[in-house]
Amino acid sequence: MIEGSEPPNTRAVEAPAKLNLFLRVLGRRPDGFHDLETVVLPLDLADRLVVHAARDPSFRTRSLSLTVDGDPDLTRGVPGDETNLVVVAAEALAERAGVRGFAEITLEKRVPPAAGLGGGSGDAAATLRVLNDLWGCGLSDSELVAVAAQVGSDVPALLPGRPALARGRGELVEPVSVPELSWLLVTFDFGVSTRDAFGWWDEDGAVTGPDPGALMDPGRHGALEAAGTNPRALAALVHNDLEAPVTRRHPRVGRALELLRGAGAPTGIMCGSGPSVAGLLPRVGEPFDRSVEGELMGVSGRRPRWVSSRGSAPAGRP
Ligand code: C5P
């Protein structure tokens, strides 16, 4: 289906994956979650959702259905039932806005699950945006963020579709200015659960990395923009506190990071709770030693791919 040529009440949208430019874990909270500071960058790697939905007062309740499509390698383990975050999100929004009607959703997976790339969370964020529209819920951005936070910690930061600074357990989101960046993304033939990664951080002594200082000051987000134009300056500032705990349990993650850095990437970072890692390109249009792609495939069991992270919209553009 060509975007924009869908039948009435139908919308086809991309649900971008993300990487975390940096991720600080500040501490475990009484509710078992962890307080974070992280910058989330949407990628041009995305799942695709086709949503056919309408409000219909003649329905006594609501009817939600989900079909999961895609390469069996990617869809294995992705639930097609009410535990999928797409359905959790649709249900949460319907509940919040008192919707009676239906939604039939087809999810085409392209983003590996349990990879630290926010695949399921991105799908949930896209579902909320589209259904808010098709169901005519009329929720404001901040009301949608509140529903997103109920669905999962990563969902609020993925709602805007542009770089975001997230705090709290992920639900306190503000825009941040980061230019478009290019990466070599390495995914693995195994997954890591977010819950495990945070548990390992606790077990290993709860180490919080350096404070990116000025970058975290909301009044000075321009500093991040400036550093972003110089990947080597940016490299000095990026860090993921979950990287050491995950690498300890999965040495292949550490090996892939070494290969990326050895090939000339100013920095290699683990994405979210892992295991995916990404190497930053030294300069846009200047790939590093490409022979590393074969070695990375040997380590990860997957072909690495070149991706771009979305930049912030220039001032004045939505
Ligand atoms: O919010 P979400 O369901 O995605 O989180 C999955 C699990 O990851 C949580 O149950 C929790 O164990 C862990 N987590 C955490 N702190 C966060 C986000 C997630 O401890 N900020």
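Just so you know, ligand 1 is whichever comes first in the structure, and atom 1 is the first atom listed for that ligand. Keep in mind it's a predicted model, so treat the numbers as computed, not measured.
With hydrogens and angles disregarded, no donor-acceptor distance shorter than 3.5 Å links the side chain of Arg110 to the backbone of Arg48.
The Thr194 neighbourhood of ligand 1 comprises atoms 8 (O), with distances under 4.0 Å to a heavy atom of that residue. Per-residue contacts place Gly152 under 4.0 angstrom from the following atoms of ligand 1 (heavy atoms of the residue considered): 1 (O). Within the listing of ligand 1, atoms 15 (C), 16 (N), 17 (C), 20 (O), 21 (N) sit less than 4.0 angstrom from a heavy atom of His34.
In terms of protein heavy-atom proximity, atom 13 (C) of ligand 1 is closest to Phe198 CD1, 3.7 Å. In this structure, atom 18 (C) of ligand 1 lies nearest to the protein heavy atom Ser153 OG, 3.4 Å. Nearest protein heavy-atom contact of atom 10 (O) of ligand 1 is Arg195 NH2, 3.3 Å.
Between Leu21 and Val176, every side-chain heavy-atom pair lies at or beyond the 4.5 Å cut-off. Contact of the Val99 side chain with the Leu93 side chain is not registered, since no non-hydrogen atoms from C-beta on lie closer than 4.5 Å.
Using a non-hydrogen distance threshold of 4.0 Å, Gly32 registers as a contact of ligand 1. Heavy atoms of Leu36 come nearer than 4.0 angstrom to ligand 1 in at least one pair.
The shortest N/O to N/O separation between Asp154 and ligand 1 does not fall below 3.5 Å.
Between Asp47 and Lys109, at least one side-chain N (NZ, or NE/NH1/NH2) sits under 4.0 Å from a carboxylate O, which counts as a salt bridge. Here Arg248 does not pair with Glu203 in a salt bridge; the nearest charged N to carboxylate O distance is not below 4.0 Å.
Under 3.5 Å, the side chains of Thr187 and Arg302 contain no donor-acceptor pair of N or O atoms.
Taking the ring centroids of His250 and Phe188, they lie at or beyond the 6.0 Å cut-off.
Contact annotation for Phe33 and ligand 1: heavy atoms of both the backbone and the side chain come within less than 4.0 Å of the ligand.
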